[in-house]
J.: 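Below is one structure. I have some questions about it.
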Amino acid sequence: NMKRNTTPEKVLNAINNKKLSVISVKAFKDSGDDAYASDQFVEELEFLCESGYFAEMIDFKFDAVTNPITLDIGRLNYSDVYMVIKLDVADGVTPQEIKDMLLYTDY
C-alpha cells in the first residue's frame, strides 16, 4: 500500500478543521512501544509546526485510502523512535478530500 508524503502543518490543519481526529498514537522505540495521549500528540504537533525548519525535515507519511488513516512519522529517518498515528475521518469527508488536504508535493 502506497504511503504518500505529508507535513506536520497539513496534518495539524486537518485536525484543527475537524476533518480528522486522532484515535490513537503509538511511539515505537528500542525499549518497546508506548501509547501516547492524543491531546499530547496534538500539542507536540503544534509545537513542531511553530519550530520552523525542523518540521520540514521530519518524515511524515500517510495512507489516504483507509479509514482510519494511518500516519507514520519518522519511520524512514532511521532514528531510534518512530510513531504510528491512527486518524478517524470525519463523516462526509471523501478520500479525495483527504488526499488534497494532506498531500505534499515539492514541485
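All values below were derived from every heavy atom in this structure, side-chain atoms included, with hydrogens, water molecules and symmetry-related copies excluded.
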J.: What distance separates Ile58 CD1 from Ser51 OG, expressed to the nearest 0.5 Å?
T.: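 Ile58 atom CD1 to Ser51 atom OG measures 7.0 Å (nearest 0.5 Å).
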J.: Is there side-chain contact between Ile98 and Val89, with at least one heavy-atom pair below 4.5 Å?
T.: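 The answer is yes; the side chains approach within 4.5 Å.
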J.: Begin from the C-alpha positions of Asn67 and Asp88 and carry the test side chain to side chain contact (heavy atoms under 4.5 Å, CB included) through to its verdict.
T.: CA-CA 6 Å; Asn67 187 14; Asp88 185 46; 3.3 Å; yes
J.: Using a 6.0 Å cut-off, check whether atom NZ of Lys10 has over 12 heavy atoms from anything other than its own residue.
T.: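 Atom NZ in Lys10 is packed in, count exceeds 12.
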J.: Within the side chain of Glu97, is there an N or O that forms a donor-acceptor pair under 3.5 Å with the backbone of Thr94?
T.: yes
J.: I'd like to know whether Lys26 forms a salt bridge (charged side-chain N to carboxylate O under 4.0 Å, His left out) with Asp34, so could you lay out the CA-CA distance, the side-chain angles of the two residues, the decisive distance to 0.1 Å, and finally the verdict.
T.: CA-CA 6 Å; Lys26 262 192 168 175; Asp34 281 337; over 6 Å; no
J.: Tyr36, Phe47: one ILVMFWY side-chain cluster at the under-4.5 Å cut-off?
T.: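 No, Tyr36 and Phe47 fall in different hydrophobic clusters.
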J.: Against Val11, only a single residue in Val42, Leu45, Ile69 fulfils side-chain contact (heavy atoms from CB on, under 4.5 Å); can you say which?
T.: Leu45
J.: What closest approach, in Å, do Val84 and Thr70 show between heavy atoms, and which atom pair accounts for it?
T.: CG1-CG2, 3.7 Å
J.: Taking it one step at a time, do Phe28 and Tyr82 satisfy ring-ring contact (aromatic ring centres under 6.0 Å, His included)?
T.: CA-CA 5 Å; Phe28 293 86; Tyr82 70 91; 5.0 Å; yes
J.: If I compare all heavy atoms of Ile23 with all of Pro68, which pair ends up nearest, and what's the gap?
T.: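 Shortest heavy-atom separation between Ile23 and Pro68 comes out as CD1-CB, 3.6 Å.
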J.: Kindly indicate whether the side chain of Val25, heavy atoms from C-beta on, has any atom under 4.5 Å from the side chain of Gln40.
T.: no
J.: So among Asn5, Ile73, Thr7, Ile85, which one has a side-chain contact (heavy atoms from CB on, under 4.5 Å) with Phe60?
T.: Ile73
J.: Would you please say whether a donor-acceptor pair under 3.5 Å links the side chains of Glu9 and Asn13?
T.: no
J.: Return the CG to CE distance between Leu71 and Met83, rounded to the nearest 0.5 Å.
T.: 9.5 Å
J.: Please determine whether side chain to side chain contact (heavy atoms under 4.5 Å, CB included) holds for the pair Leu102 and Leu20, giving the CA-CA distance in whole Å, both sets of side-chain angles, and the decisive distance to 0.1 Å.
T.: CA-CA 11 Å; Leu102 294 183; Leu20 298 177; 4.1 Å; yes
J.: Kindly determine whether Phe62 and Arg4 satisfy side chain to side chain contact (heavy atoms under 4.5 Å, CB included), including the steps that lead there.
T.: CA-CA 5 Å; Phe62 74 101; Arg4 296 166 180 272; 3.7 Å; yes
J.: Run the salt-bridge test on Asp72 and Lys61 with the 4.0 Å N-O cut-off and return the result as yes or no.
T.: no
